[in-house]
Number of protein chains: 4
Amino acid sequence: MSMTDLPATQRASVLDTSLRLSVEERSVPTPGPGEVLVRVRSVGVCGSDIHYFEHGRIADFVVETPLVLGHEASGEVVAVGDGVDLAMGTRVAMEPGVPCGSCEQCRAGRYNLCPDVRFFATPPIDGAFAEYVTLPRDFVHPVPDSVSYDAAALLEPLSVGVWACEKGDVRVGTRVLVTGAGPVGVMAALVARANGATEITISDVNPDRLARAAELGFATIDSRSTVLPDVVEADVLLECSGATLAIDQGIRSVAPAGRVVLVGMSPSTMVELPVGVIQGRELWITGTFRYAHTYPKAVALVASGAIDLDALVSKSFGLDEVEQALTYSRQDPAAMKVVVRVAD
Amino acid sequence: MSMTDLPATQRASVLDTSLRLSVEERSVPTPGPGEVLVRVRSVGVCGSDIHYFEHGRIADFVVETPLVLGHEASGEVVAVGDGVDLAMGTRVAMEPGVPCGSCEQCRAGRYNLCPDVRFFATPPIDGAFAEYVTLPRDFVHPVPDSVSYDAAALLEPLSVGVWACEKGDVRVGTRVLVTGAGPVGVMAALVARANGATEITISDVNPDRLARAAELGFATIDSRSTVLPDVVEADVLLECSGATLAIDQGIRSVAPAGRVVLVGMSPSTMVELPVGVIQGRELWITGTFRYAHTYPKAVALVASGAIDLDALVSKSFGLDEVEQALTYSRQDPAAMKVVVRVAD
Amino acid sequence: MSMTDLPATQRASVLDTSLRLSVEERSVPTPGPGEVLVRVRSVGVCGSDIHYFEHGRIADFVVETPLVLGHEASGEVVAVGDGVDLAMGTRVAMEPGVPCGSCEQCRAGRYNLCPDVRFFATPPIDGAFAEYVTLPRDFVHPVPDSVSYDAAALLEPLSVGVWACEKGDVRVGTRVLVTGAGPVGVMAALVARANGATEITISDVNPDRLARAAELGFATIDSRSTVLPDVVEADVLLECSGATLAIDQGIRSVAPAGRVVLVGMSPSTMVELPVGVIQGRELWITGTFRYAHTYPKAVALVASGAIDLDALVSKSFGLDEVEQALTYSRQDPAAMKVVVRVAD
Amino acid sequence: MSMTDLPATQRASVLDTSLRLSVEERSVPTPGPGEVLVRVRSVGVCGSDIHYFEHGRIADFVVETPLVLGHEASGEVVAVGDGVDLAMGTRVAMEPGVPCGSCEQCRAGRYNLCPDVRFFATPPIDGAFAEYVTLPRDFVHPVPDSVSYDAAALLEPLSVGVWACEKGDVRVGTRVLVTGAGPVGVMAALVARANGATEITISDVNPDRLARAAELGFATIDSRSTVLPDVVEADVLLECSGATLAIDQGIRSVAPAGRVVLVGMSPSTMVELPVGVIQGRELWITGTFRYAHTYPKAVALVASGAIDLDALVSKSFGLDEVEQALTYSRQDPAAMKVVVRVAD
């Protein structure tokens with residue numbers, strides 16, 4: 001193992017089973033063979049973090065033991081385990097889900113569908129609102145100096161957009177409708193544009209979010225006052241709202257032989273879909289579950305300047321302000337990304 | 001125009017707007033340039049024929065003027081228009097939908113999605129319960145003598161199965177679940193087997209249909225007593241029942257990254273789907289609308305002996321017995337295909 | 001037919017069978033049903049035009065009767081035939097190949113492979129070095145005012161690049177090698193960038209062409225002094241030179257499971273390929289023959305500002321200077337596009 | 001570790017660096033964690049075994065230390081390492097190439113392209129002409145009792161055919177040309193038929209091989225007397241001969257937009273291809289390197305009765321007759337598969 005001088009203990013923001021947050025002292029982990037120890041710099045706040053904080057669970061994942069939240073993270077390499085050839089100080093984005101590597105899904109190249117994946121901040125696996133974390137070498141992705149730590153952290157939600165656009169086969173000439181102008185929707189739209197799409201429309205019910213999408217150069221539709229299929233014909237729907245109405249109207253806006261990618265999580269696992277339209281137009285509908293093989297692409301998009309993630313940071317907090325970070329969207333419902341800067 | 005001796009008039013079974021059937025005398029049409037006149041031999045009865053007879057409409061298609069039903073048809077060439085090089089007496093299967101050939105869908109190779117398609121027995125286009133019909137040359141498909149006229153007629157529903165298997169990418173190694181053991185389900189299963197699938201399961205609620213599917217060598221499940229996802233894991237679902245429960249349970253039986261093809265028509269155009277499963281497993285869902293480019297493949301499957309369509313004919317009637325043919329399934333709910341033999 | 005005031009005759013630059021060019025007086029054609037009469041504005045010079053001028057043939061296509069060259073063309077609509085709804089004065093790019101619309105290839109959506117295609121400036125079909133030409137409505141593509149007539153003409157070679165990138169499945173994250181820095185290579189590289197590729201390398205043997213490629217922001221390699229596979233690993237090779245060495249070295253630069261698109265025409269129809277590499281890496285090799293369904297995408301790329309075609313125009317000439325236009329590259333071998341401005 | 005009573009030593013047929021074969025006494029290996037010890041039953045002879053025996057090398061793989069040949073193998077499980085749940089006596093086919101599992105190719109699902117694969121009988125990895133071998137659990141594939149040990153061994157070359165048909169996208173309606181009627185060609189044709197192809201033609205220069213192909217029901221062409229493209233139009237070429245003329249004529253027999261899969265190894269790594277045809281018809285050419293994910297499919301094809309591999313066994317030998325097995329094809333050039341029955 002190679003390392004720089006490291007403290008024995010670190011600070012971590014821990015959510016207890018009563019859903020109270022506090023900063024605790026914990027030991028700094030030692031990277032095993034093939035692993036990397038990362039000093040965390042920036043961690044984005046995701047809706048799932050907020051959901052665990054507010055409800056203590058997402059579907060079957062329950063906070064039954066104290067949990068460190070945060071899975072959109074960047075930092076610098078401060079120690080490496082045996083067999084890892086990576087310089088101390090390397091700036092990295094962290095891919096937060098580590099699959100088993102040997103199951104049927106992993107061997108088929110679909111590691112995001114690995115049933116045994118260990119994913120940051122998904123009970124009982126701790127996340128990255130902490131000073132130090134370890135990850136296998138293959139799941140830390142070096143970024144050039146031109147990519148800030150905030151941007152490197154936000155490669156995680158950007159990966160969601162990359163994956164959605166791959167599923168949707170977005171390319172030059174594809175007309176894209178994005179329903180939902182939140183962070184995921186906006187990132188999906190930015191990736192769609194980077195893939196060559198020139199006709200991209202974003203819909204939402206929140207005028208502030210629509211205004212920001214318009215500032216980014218996208219056509220926008222307020223779906224409170226407009227029936228989407230009356231005004232849009234798209235080849236691909238990237239559904240990023242999870243709202244039942246958006247799903248229905250979005251699908252009806254897709255041209256024959258088009259594609260629908262369900263990215264947003266619905267409150268219910270059962271949703272009424274316009275099956276008559278799906279059949280009559282022979283649409284293809286799929287959903288995304290995280291992403292696979294996307295990080296190198298996300299790095300390239302930001303490093304090349306095609307996408308500016310720093311512009312999407314609305315607000316930052318420190319490690320002892322995680323609760324403020326998690327509740328910030330109550331004050332500013334149109335906020336894009338909030339980050340926790342664990343270290344500067 | 002080249003032709004054999006033809007009568008001036010023919011008999012046709014006509015459904016009037018009061019939904020009464022009668023045999024009428026009509027003139028024999030003359031094939032235009034590029035067209036073929038076919039003396040009809042055998043015509044299969046489809047659920048849509050029964051539906052028009054019983055309800056006078058399907059969705060927005062309404063029987064507002066007298067209509068000849070029947071779209072699964074075969075016959076022999078008895079006259080050809082200018083520019084057609086096809087011998088008199090050529091045995092042909094008739095592809096019942098003629099697209100415009102110049103719209104965006106047609107030019108993209110998806111002629112089944114042509115908005116201006118003229119389809120037999122879809123108001124106001126007459127079908128094939130008649131002695132003579134015309135079609136463009138490209139939509140009559142010669143069959144060898146080894147293919148009976150009944151079998152040639154049933155290439156139409158077989159095409160539905162061919163199309164479903166193409167959408168589902170069924171091939172060697174694909175585990176297939178077919179929900180619905182009616183004619184379309186059975187044909188889809190037969191095509192799946194012809195495509196190399198060795199693990200094919202058919203579910204239904206009708207024991208007679210299941211028994212027949214079992215005789216054809218398929219694994220069967222009675223979905224009244226068994227929860228499909230408890231006992232099946234498939235790579236592809238070919239949904240041929242249109243039943244809400246079958247759609248839901250069928251989708252839950254599909255393995256990660258699998259495909260779902262909705263072939264059966266639901267009573268409702270909106271259906272609740274397990275979107276959580278679609279997302280969590282990244283399934284692909286599509287539906288079929290008729291078929292495109294399938295007839296040559298369907299001909300090959302029957303001509304090669306891979307599929308025996310004659311074995312699926314449950315009962316035959318004459319042209320003046322169309323009403324009996326359309327109501328036969330009331331007597332024998334497990335009947336497979338009923339045919340009207342317009343001429344022997 | 002609707003039209004503006006039109007002259008009875010027009011001027012056209014005609015290549016006779018002795019390969020001499022002269023401007024002739026010809027009648028102005030009348031658009032038939034579904035056709036459009038276009039007043040030609042700008043026409044790009046293509047290598048094939050030069051080849052016909054110098055050699056009188058390309059493969060089996062021989063100049064056996066007087067021929068008008070030029071197939072990269074734009075103009076404005078001045079008359080329309082029956083059934084065409086297009087305003088007088090509409091600015092259009094002309095897609096120069098008109099397929100039959102009814103053969104197997106056309107029906108499969110692959111109209112570029114239609115054996116009966118009528119293509120501008122391919123004997124015996126006249127091209128666009130003339131004041132007026134007719135085309136079917138579907139083959140003139142309206143462009144906004146922001147797209148110059150030169151740029152509209154150059155949508156034709158841009159289409160070649162769009163098609164190459166589609167075949168190569170170029171998208172975000174694809175590492176692209178372009179061999180050949182001529183107009184086609186540069187356009188392919190620009191389209192690759194528009195499709196999201198961030199790692200694009202162009203090789204050539206001409207330093208002036210490499211310098212221009214570098215100005216456009218691409219990595220460049222002089223393949224006279226560098227062995228490509230020693231320094232490049234690409235996911236996709238877009239081979240735009242037709243040079244045997246470039247084909248061989250280019251293929252050897254492609255990573256396992258990568259794709260090779262042969263766009264450039266080789267002097268010989270037989271070329272030695274490194275089959276051992278193709279097998280050992282399971283590469284996919286294809287070639288392009290013109291393009292299909294690309295014009296709307298090419299229009300979007302230029303109209304959106306993603307690609308600037310005007311910057312690629314090296315020199316312009318008038319209709320009575322076609323010979324100078326066709327021989328200009330002798331003076332300036334690194335010239336990009338030369339255009340003939342038939343009317344301003 | 002679980003095991004049956006095992007001897008301490010075993011017999012193995014070893015090729016020394018002077019290319020002499022002898023049976024040696026070696027210790028029986030112990031399966032490590034996740035591994036299986038297999039008592040070998042049947043091993044097919046492959047052309048590569050013969051090549052190593054005759055030339056001591058294939059490309060860069062040189063017999064520099066004593067080597068056990070044989071990689072088409074079956075047997076029964078007689079011991080398992082920690083973590084393996086497989087009953088003693090389980091009949092298995094052995095997949096002979098074990099990839100690293102963690103490189104880029106492995107993670108992408110393309111384990112056959114793993115640069116660090118360990119493959120039976122490829123120097124310096126020993127093969128299966130021995131009484132006992134170990135393999136990781138995931139690379140032994142249980143077969144039912146209905147599959148003989150010979151057939152289980154021959155699942156290896158059958159996998160080559162499965163992989164070729166997947167690359168070629170062979171399915172119902174695909175017209176297939178197979179060049180080369182040797183074991184690989186015949187197996188590829190059998191798999192093509194199992195995938196639903198009804199129009200399959202095999203060409204060769206050996207009349208005995210053609211006669212056997214005809215007995216199996218395939219159309220045959222003697223390519224010494226017939227120019228392939230004069231008589232065949234195929235959608236897919238499965239090139240299984242490696243002969244330059246077959247490659248050239250085979251490619252010229254493929255219809256526009258068709259696919260070419262180069263399976264056979266050419267004597268030279270450079271081969272002249274008709275690039276003009278590839279471009280003009282926009283063909284797709286690829287090659288195969290072994291196979292991935294094919295064993296379960298191959299097992300299903302044989303277990304279901306779709307393919308009879310026992311019928312392809314021409315001759316069998318014992319473990320002390322490996323030299324006779326490797327030289328048998330000199331006596332009977334049209335022999336299909338020769339097997340070494342290590343144990344009965």
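Quick note on labels: first sequence line is chain A, next is B, and so on, each numbered from 1.
For A:Ala300, the parts lying under 4.5 angstrom from a heavy atom of chain C are both the backbone and the side chain.
Every residue meeting the side-chain contact (heavy atoms from CB on, under 4.5 Å) condition with C:Ala197, not counting sequence neighbours, appears here in chain and number order: C:Val170, C:Val176, C:Ala192, C:Ile200.
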Which atom pairs, one donor and one acceptor, sit under 3.5 Å between chain C and chain A?
{"unit_1": "C:Asp169", "atom_1": "OD1", "unit_2": "A:Arg171", "atom_2": "NH2", "d": "2.5"}
{"unit_1": "C:Arg171", "atom_1": "NH2", "unit_2": "A:Asp169", "atom_2": "OD1", "d": "2.5"}
{"unit_1": "C:Val172", "atom_1": "N", "unit_2": "A:Asn195", "atom_2": "OD1", "d": "3.3"}
{"unit_1": "C:Ala194", "atom_1": "O", "unit_2": "A:Gly196", "atom_2": "N", "d": "3.3"}
{"unit_1": "C:Asn195", "atom_1": "OD1", "unit_2": "A:Val172", "atom_2": "N", "d": "3.4"}
{"unit_1": "C:Gly196", "atom_1": "N", "unit_2": "A:Ala194", "atom_2": "O", "d": "3.3"}

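Of the listed residues A:Cys165, A:Ala194, A:Gly173, the one with more heavy-atom pairs under 4.5 angstrom with chain C than any other is A:Ala194.
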